[in-house]
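Reviewing the structure listed below.
Chain identifiers are assigned alphabetically (A, B, ...) following the order of the sequence lines, protein sequences preceding nucleic acid strands; residue numbering begins at 1 within each chain.
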Amino acid sequence: MRTHLCGDLRSSDIGKEVSVCGWVGRRREHGEHLAFVDLRDHSGLLQCVINNNVDVRSEFVVRITGVVRARPDGTVNNSLPTGEIEIGDCEVEILRRADPPPFSIDDRANDVDENVRLQYRYLDLRRSRMQRNLRVRAKVNSAVRTAMERQGFVEVETPMLVPSTPEGAREFLVPSRKSPGEFYALPQSPQLFKQLLMVGGTDRYYQIARCLRDEDLRADRQYEFMQLDMEMSFVTQDDVLNAVGEAVLSAAEAVLGERPPEIERITWHDAMNRFGVDKPDLRFGMELMDLTEVFVSTEFKAFAGAESIKGILVEGAASEFGRNQLDKLTERAKGIGAKGLVWLKVTEGGFESPVAKFLSEAEAQMVRDQMHASVGDLILVVADEWATTCEVLGTLRNDLGRPPVHEGPYRYVWVVEFPLFVGVDPTTGNPRPGHHPFTRPHPDDVDRIESDPLSVRSIAYDLVLNGWELGSGSIRIHEPELQRRVFAALGITEEEADNKFGFFLRPFDYGAPPHGGFAFGLDRLTAILAGEDNIREVIAYPKTQSGADPMTKSPLPVDATVLSDLGIRVLPQAD
RNA sequence: GGUCCCGUGGUGAAGUUGGAGUUCACGCCGGCCUGUCAAGCCGGAGGUCGCGGGUUCGAGUCCCGUCGGGACCGCCA
């Protein structure tokens with residue numbers, strides 16, 4: 001039907017007779033014998049000059065045949081890639097009339113209520129922003145797939161109807177028709193199947209996998225999302241990180257045209273110590289500075305004997321923060337678990353602060369030195385257990401300094417050596433797994449699984465970009481003895497382990513190779529590379545925060561006979 | 001489960017101390033217009049102020065509830 005795409009035509013095409021198809025964007029009429037129509041397809045806008053009286057309205061679908069010509073002097077539009085030319089002698093064929101759209105199919109729709117955009121997603125998708133985002137997404141998928149193929153990974157599809165497992169995220173359940181009362185689950189991830197692919201000798205597996213989790217939605221979380229899922233046999237952590245890094249950097253290069261530098265690494269402990277979070281945003285400073293030594297023999301009761309005292313420096317912020325805002329910061333700190341928050345405004349004479357009188361001259365001087373503080377800066381200090389101090393200041397640091405996630409520069413970082421166990425279950429007194437119970441302990445720490453479990457590091461790692469967790473992975477345990485020791489530390493008896501994980505672990509007895517893997521979220525990576533701070537903008541048909549789709553109105557009730565076939569009866573809503 | 005913000009013609013907004021559905025921009029419909037480009041000019045249509053209750057002589061505005069949307073916490077081994 002067409003010879004060219006609207007956005008592709010240039011001065012070099014002048015003189016050609018062309019046919020273009022698309023939607024009518026803006027139309028500017030100048031009486032009966034002259035009208036300008038901006039024709040739109042996914043490639044861009046093209047001005048068509050119509051000299052006969054044709055009634056075309058917004059979003060009519062048309063085919064226009066005419067001749068490419070240079071625009072007259074003084075009428076070139078430099079803000080349009082096709083702005084030097086136009087189509088003249090137009091013959092217009094209306095392929096489909098259209099009702100006026102509920103919102104403009106251009107950048108003005110960025111301000112439209114997202115619920116309206118989602119209700120008319122097919123119109124929203126016509127816009128250049130959404131077309132661009134869909135294409136960024138396709139580029140990411142393609143680059144990732146190519147990179148994995150290049151490295152010898154084999155794409156294997158794993159099932160969507162899987163057994164329900166009690167661990168991890170809440171699952172979506174699918175009732176079985178043939179076995180009423182029994183259920184499949186939709187996979188939270190292909191974890192089980194990919195590890196058994198290693199037992200099955202696949203060696204290097206990958207999949208662009210759809211994962212489903214029935215947990216509350218956020219800007220970076222949907223019920224269903226895509227992961228680059230991978231697993232490799234006979235490898236070290238470095239092998240996995242290199243393979244994944246190759247895929248991620250290739251995707252970034254495909255979208256941005258430039259390959260990012262090698263991904264740096266930081267240990268979990270350093271990330272917590274310096275940034276107070278396990279997904280540090282390296283784009284800005286405001287690092288946590290240790291002040292514990294400064295106050296070893298302090299008279300100030302709130303600091304005396306604290307396990308960890310740290311501060312962050314908010315440059316030049318002393319005058320911006322009034323008492324009201326400082327009180328809010330204090331409330332925020334308490335909400336995260338701090339006993340309190342000490343603020344110090346740096347002045348010529350010393351500190352302006354409610355606690356200034358409790359600090360010795362020497363302590364004040366050391367704080368200023370340690371924090372590299374200047375007059376006009378604001379210092380926020382927390383004294384508590386190490387984890388609490390880090391977490392509170394890390395949260396305040398993000399609150400006060402973190403730019404929108406999509407803003408450059410892109411800072412990728414591997415966070416390595418996550419602890420094997422995190423915290424203690426308050427009811428059982430057993431440590432809780434940090435990643436999952438099949439995560440391999442760090443070889444240097446294996447001896448302490450029984451004696452000091454909370455100090456044991458694991459070979460587990462996260463990939464972080466601009467403060468967003470892109471994904472995580474680990475080297476797995478493939479030997480039964482080590483697995484037994486970790487289960488024992490978790491308080492899982494052999495019988496329980498067999499009941500809960502036997503279906504997964506028994507196959508290992510037939511010869512599981514050493515293996516490890518990773519999975520990272522393609523929606524999150526795509527959003528950041530596309531310059532969006534919400535993954536809904538890079539998903540064609542996303543759901544709202546309540547899990548609904550305004551376009552299809554799902555979820556919806558189903559007919560009673562359908563439920564009956566499945567052996568399901570719906571109970572009235574409990575109050 | 002929790003905290004906070006939002007809801008006014010198709011879209012985006014303004015709406016003062018509680019005083020008539022008032023206003024602005026875009027869009028839509030009609031007219032004029034031969035070089036515009038988010039065209040210009042003239043005219044017109046279009047609203048159960050999310051919904052329900054309450055206070056009041058009187059509610060878009062105040063109060064309570066509820067629904068919908070968003071950000072975040074919990075949750076996401």
Self-check item: Residue closer to the 5' end of RNA chain B, A:Asp113 versus A:Asp55 (nearest nucleotide)
Solution: A:Asp113

Practice problem: Would you indicate, yes or no, if B:C29 has its OP1 or OP2 atom less than 4.0 angstrom from a side-chain nitrogen or oxygen of A:Arg57? | Solution: yes

Quiz item: Out of B:U34, B:C76, B:G70, which has the shortest distance to the side chain of A:His33?
Solution: B:U34

Quiz item: Between B:G30 and B:C49, how far is it from one P atom to the other, in whole Å?
Solution: 29 Å

Exercise. Just compare B:U34, B:G69, B:C76 and give me whichever is closest to any side-chain atom of A:Asn115.
Key: B:G69

Quiz prompt | Nucleotide of B:A38, B:G30, B:G74 approaching A:Asp216 most closely (side-chain heavy atoms) | solution = B:G74

Exercise. May I ask you to say what A:Pro72 touches in the nucleic acid, namely base, sugar-phosphate or nothing, with a heavy-atom cut-off under 4.0 Å?
Key: base

Quiz item: Do you see a donor-acceptor pair shorter than 3.5 Å between the side chains of A:Arg476 and A:Ser474?
Solution: yes

Quiz item: Partner of B:C41 by Watson-Crick or G-U wobble geometry, both contacts under 3.5 Å, or none?
Solution: B:G31

Quiz item: Does OP1 or OP2 of B:A39 have a side-chain N or O of A:Arg28 closer than 4.0 Å?
Solution: yes

Exercise. Consider only side-chain N and O atoms of A:Asp523 and A:Thr526, and report whether a donor and an acceptor are under 3.5 Å apart.
Key: no

Quiz prompt | Closest to the A:Ala219 side chain, choosing from B:A38, B:G69, B:C72 | solution = B:C72

Practice problem: Determine the contact category for A:Gly335: base if any of its heavy atoms lies under 4.0 Å from a base atom, sugar-phosphate if only primed atoms, P, OP1 or OP2 are that close, otherwise nothing. | Solution: nothing

Quiz item: Per the atom types in the model, does the base of B:G35 pair as donor or acceptor with the side chain of A:Glu86 at under 3.5 Å?
Solution: yes

Exercise. Would you classify A:Asn534 as touching base, sugar-phosphate or nothing, given that sugar-phosphate means primed atoms plus P, OP1 and OP2, and contacts are heavy atoms under 4.0 Å?
Key: sugar-phosphate

Self-check item: Integer-rounded Å distance: B:U11 C1' and A:Phe103 CZ
Solution: 9 Å

Self-check item: Distance, rounded to the nearest Å, where A:Arg26 contributes CZ and B:C37 contributes P
Solution: 11 Å

Practice problem: Grab the CD-P distance between A:Glu114 and B:G69 for me, whole Å please. | Solution: 11 Å

Exercise. Select base, sugar-phosphate, or nothing to describe what A:Arg69 touches, counting heavy atoms under 4.0 Å on all strands.
Key: base

Quiz item: What nucleic acid atoms does A:Arg221 come within less than 4.0 Å of, heavy atoms only: base, sugar-phosphate, or nothing?
Solution: base

Exercise. For A:Arg440 and A:Gln483, test the side chains for any donor-to-acceptor distance below 3.5 angstrom and give the result as yes or no.
Key: no

Quiz item: Side chain of A:Val112: nearest nucleotide among B:G12, B:U36, B:C33?
Solution: B:G12

Practice problem: Go through the steps for A:Trp414 and A:Phe518 under the test ring pair (Phe, Tyr, Trp, His ring centres under 6.0 Å), then give the verdict. | Solution: CA-CA 12 Å; A:Trp414 291 111; A:Phe518 199 79; 5.4 Å; yes

Exercise. Using a heavy-atom cut-off of under 4.0 Å over every strand shown, decide if A:Ser104 touches base, sugar-phosphate, or nothing.
Key: nothing

Quiz item: Which of the following nucleotides, B:C28, B:C76, B:G70, is nearest to the side chain of A:Pro100?
Solution: B:C28

Quiz item: Ignoring hydrogens and angles, does a donor from either the side chain of A:Gln47 or the base of B:U36 sit under 3.5 Å from an acceptor on the other?
Solution: yes

Quiz item: Would you call the rings of A:Phe418 and A:Trp268 parallel, tilted or perpendicular, where under 30° means parallel and over 60° means perpendicular?
Solution: tilted

Practice problem: Could you tell me the separation between the CZ atom of A:Arg213 and the CZ atom of A:Arg170, rounded to the nearest 0.5 Å? | Solution: 13.0 Å

Quiz item: Can you say whether the rings of A:His436 and A:Phe438 are parallel (under 30°), tilted (30 to 60°) or perpendicular (over 60°)?
Solution: tilted

Quiz item: So what does A:Glu469 hit on the nucleic acid, given a heavy-atom distance under 4.0 Å: a base, only sugar-phosphate, or nothing?
Solution: nothing

Quiz item: Considering only the P atoms, how many Å lie between B:G27 and B:C41, rounded to the nearest integer?
Solution: 11 Å

Self-check item: Atom-pair distance (NZ on A:Lys553; P on B:G69), nearest Å
Solution: 11 Å

Quiz item: Does any donor atom in the side chain of A:Glu532 or A:Asn133 lie under 3.5 Å from an acceptor atom in the other side chain?
Solution: yes

Practice problem: Pick base, sugar-phosphate or nothing for A:Pro101, based on heavy-atom distances below 4.0 Å to the nucleic acid. | Solution: nothing

Practice problem: Look at all strands and tell whether A:Arg71 reaches a base, only sugar-phosphate, or nothing, counting heavy atoms closer than 4.0 Å. | Solution: base

Practice problem: Using heavy atoms and a sub-4.0 Å distance, could you list which residues of residues 542-552 of chain A are near RNA chain B? By number, please. | Solution: A:Thr544, A:Gln545, A:Ser546

Practice problem: Could you check whether the rings of A:His515 and A:Phe508 sit parallel, tilted or perpendicular, using 30° and 60° as the cut-offs? | Solution: perpendicular

Practice problem: Pick base, sugar-phosphate or nothing for A:Asn77, based on heavy-atom distances below 4.0 Å to the nucleic acid. | Solution: base

Quiz item: Should A:Arg218 be listed as having a side-chain N or O under 4.0 Å from OP1 or OP2 of B:C73?
Solution: yes

Exercise. Select one nucleotide: of B:C76, B:U36, B:G70, the one nearest the side-chain heavy atoms of A:Arg213.
Key: B:C76

Self-check item: B:A71 phosphate, OP1 or OP2, under 4.0 Å from A:Arg536 side-chain N/O
Solution: yes

Quiz prompt | Donor-acceptor pair between A:Gln195 and A:Gln191 side chains, under 3.5 angstrom | solution = yes

